Amino acid sequence: MIWDGFPEIRRELDRVQAVIRAEVTRPGGVIAEGLSELANRDAKLLRPAFTILAARIQTGGRAAEERIIRLAAAIELLHIASLIHDDIVDGAEHRRGGKALHRKYGDRTAVLMGDFLFARCFSLVSDYARPENASLLTGTVGHLIESEVSEYTADNESEWSVRKYLHRVIGKTAVLFSLSFHIGAAEACDENCDQRSVEVLRRIGYNIGIGFQIIDDVLDIFGEQRTTGKTGAVDLKQGILTLPVILAANNGQRARLIRTLEKIARRHSRKGGINRFWENRALDEVRTRIEEAGGRQGAIAAAEVYTRRAHRELDRLPDSADRATLRSVTAQLLSRAS
Ligand code: FPP
Ligand code: MG
């Protein structure tokens with residue numbers, strides 16, 4: 001677990017998890033059963049950890065107040081809600097090392113489980129956040145939804161654009177990472193605190209988020225399910241083009257990649273009749289083409305650029321144990337695909 005090397009943060013995250021457990025067991029019945037099981041699976045808890053680290057940086061390393069812990073839990077609840085819905089949209093079978101909720105309870109119940117978490121998130125935020133931060137959070141949800149929709153409604157040409165890809169990554173991941181930092185930093189601040197550091201922390205989250213999502217997209221194609229805990233090659237099967245594919249295409253592989261990707265999508269959409277042998281062969285072929293055309297390495301290099309930007313922003317903050325933790329964790333997140 002990523003936080004095991006940082007016992008102080010681990011302890012704060014245990015407090016966050018206690019809030020999450022209390023929230024998900026609240027309704028009882030099938031909702032509590034499904035959500036508790038999901039909430040107890042291994043998770044990186046990046047977003048709540050970022051909220052706490054930002055608050056600690058603003059207060060010179062003091063343990064987070066209960067209010068910050070509850071806001072950190074609210075952000076994780078929002079994230080879990082979006083994953084439950086995302087797995088339905090993506091047709092993914094696994095999440096956090098177990099069955100995706102919709103595979104176990106059906107789409108109808110899983111959508112409502114996500115909605116329940118969503119409602120609990122807003123309840124915590126309206127109880128514990130300042131109005132301006134609560135309204136930032138509602139704006140972020142809008143971005144998440146727009147980016148999720150744009151993944152499968154992009155027109156043919158913009159699907160292949162690096163700029164449009166980054167736009168989707170920002171909306172889907174970087175805005176929630178930067179919000180996690182912003183809420184921790186801004187809520188821990190009193191009227192005397194340095195507003196510039198709130199802005200620096202927000203930018204750190206934004207850059208970490210872009211780098212993180214690029215690596216996640218590399219892992220979707222090249223990762224092992226037993227390490228990622230989620231269904232692999234979902235993007236390829238859904239015809240969603242991510243940076244490794246786009247960069248490989250820009251290196252002269254576009255026509256051949258399109259042919260193989262179409263083959264995968266056709267086979268995958270033949271409901272009930274997916275021939276796993278042919279699907280796996282086509283997936284291996286596309287992986288080889290991406291690797292040979294430098295798509296995997298190119299995407300990792302791009303993630304390095306954003307991680308370096310985050311580190312440069314970190315240098316603007318006073319030296320502290322929490323700053324060193326952030327530096328070490330972002331380096332670990334980057335190395336997941338190497
Ligand atoms: C994961 O992307 C998806 C997201 C981080 C955002 C999903 C957003 C929604 C479904 C909108 C609804 C939001 C709420 C709050 C109910 P991915 O598929 O690339 O990642 P994965 O590999 O982890 O599935
Ligand atoms: Mg997904």
Side-chain angles (χ1 to χ4, degrees), residues 2 44 46-47 50 147 150-151 154 157-178 181 200-225 227-228 230 232-236 238-258 260-261 264 283-316 323-338:
I2 204 161
K44 292 186 277 297
L46 291 174
R47 296 155 188 82
F50 291 154
S147 306
S150 76
E151 279 201 335
E157 231 6 77
S158 64
E159 274 186 312
W160 296 95
S161 143
V162 172
R163 200 173 57 82
K164 292 268 168 50
Y165 164 79
L166 286 175
H167 196 72
R168 289 199 300 273
V169 162
I170 290 165
K172 193 167 80 170
T173 305
V175 289
L176 190 52
F177 273 47
S178 68
F181 274 89
V200 170
L201 284 158
R202 196 193 60 72
R203 280 202 301 271
I204 290 170
Y206 182 83
N207 286 304
I208 297 176
I210 299 176
F212 174 84
Q213 187 59 48
I214 293 174
I215 296 294
D216 242 38
D217 291 343
V218 173
L219 290 173
D220 179 79
I221 300 172
F222 294 98
E224 298 275 344
Q225 191 177 312
T227 334
T228 61
K230 51 192 185 184
V234 168
D235 296 333
L236 293 178
Q238 299 280 322
I240 292 169
L241 303 183
T242 56
L243 196 58
V245 184
I246 296 169
L247 294 179
N250 291 349
N251 282 348
Q253 287 282 341
R254 182 158 168 173
R256 290 164 81 191
L257 273 169
I258 290 178
T260 322
L261 287 168
I264 294 169
L283 285 172
D284 281 344
E285 189 183 324
V286 96
R287 285 189 188 102
T288 308
R289 290 201 195 294
I290 294 169
E291 180 78 54
E292 284 175 1
R296 190 174 72 85
Q297 271 316 319
I300 293 174
E304 277 166 6
V305 168
Y306 288 99
T307 306
R308 269 202 302 276
R309 282 190 193 171
H311 285 183
R312 273 203 300 275
E313 295 286 348
L314 274 170
D315 289 339
R316 299 157 70 107
R323 189 181 82 158
T325 300
L326 274 174
R327 192 178 291 278
S328 159
V329 165
T330 47
Q332 281 184 58
L333 292 176
L334 183 65
S335 68
R336 290 178 302 151
S338 305

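As the structure is a computational prediction, the values presented were derived from the model and not from experiment.
- Here the shortest heavy-atom pairing between G211 and Y306 reads N-CB, 3.9 Å.
- Using a 4.5 Å heavy-atom cutoff, the side chains of V286 and L236 are in contact.
- For the pair L243 and D217, the minimum side-chain heavy-atom distance is 4.5 Å or more.
- Nearest heavy-atom pair across G209 and T173 is O-CG2, 3.7 Å.
- Looking only at side-chain heavy atoms (C-beta outward), E304 and R308 come within less than 4.5 Å of each other.
- Proximity of Q238 to E151: side-chain heavy atoms (C-beta onward) are nowhere separated by under 4.5 Å.
- At least one side-chain heavy atom of I204 sits under 4.5 Å from a side-chain heavy atom of L314.
- Taking the charged nitrogens against the carboxylate oxygens, D284 and R287 do have a contact shorter than 4.0 Å, which makes a salt bridge.
- Side chain of N251 to main chain of A293: a donor-acceptor pair is present (N/O by atom type, distance under 3.5 Å, no hydrogens or angles).
- Enclosure of atom NE2 in H311 by more than 12 non-hydrogen atoms of other residues, nucleotides or ligands within 6.0 angstrom is indicated.
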Check against side chain to side chain contact (heavy atoms under 4.5 Å, CB included), Q213 and K172: CA-CA 9 Å; Q213 187 59 48; K172 193 167 80 170; 3.6 Å; yes
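- F222 carries R296 over the face of its six-membered ring, with the cationic atom under 6.0 Å from the centre and within 45° of the normal.
- Annotation for I246 and S161: closest pair CD1-O, 4.1 Å, computed over non-hydrogen atoms.
- With values rounded to the nearest 0.5 angstrom, F212 atom CZ is found 5.5 Å from L46 atom CG.
- Under the side chain to side chain contact (heavy atoms under 4.5 Å, CB included) test applied with I221, the options D235, V245, V234 reduce to a single match, V245.
- The structure places OH of Y165 at 9.0 Å from CG of L247, a figure rounded to the nearest 0.5 Å.
- Nearest heavy atom pair, residue V218 against residue A299, reads CG2-CB, 3.7 Å.
- Using modelled atom types, no side-chain atom of S335 and backbone atom of S338 make a donor-acceptor pair closer than 3.5 Å.
- The aromatic rings of F50 and F181 sit parallel to each other, their planes meeting at less than 30°, with 60° as the upper class boundary.
- Rounding to the nearest 0.5 Å places OG1 of T242 at 8.5 Å from CZ of R168.
- The CG atom of N207 lies 9.5 Å from the OG atom of S178; values are rounded to the nearest 0.5 Å.
- Using a 4.0 Å cut-off between a side-chain N of Lys or Arg and a carboxylate O of Asp or Glu, D315 and R327 qualify as a salt bridge.
- Taking CD1 from I300 and CD1 from I214, the interatomic distance works out to 10.5 Å, rounded to the nearest 0.5 Å.
- Between R289 and E292, none of the side-chain N atoms (NZ, or NE/NH1/NH2) sits under 4.0 Å from a carboxylate O, so this pair counts as no salt bridge.
- The line from OG of S147 to CG of L176 is 11.0 Å long, rounded to the nearest 0.5 Å.
- In summary, R336 and D216 engage in a salt bridge, as defined by a charged side-chain N under 4.0 Å from a carboxylate O.
- The closest side-chain heavy-atom distance from L333 to I215 is not below 4.5 Å.
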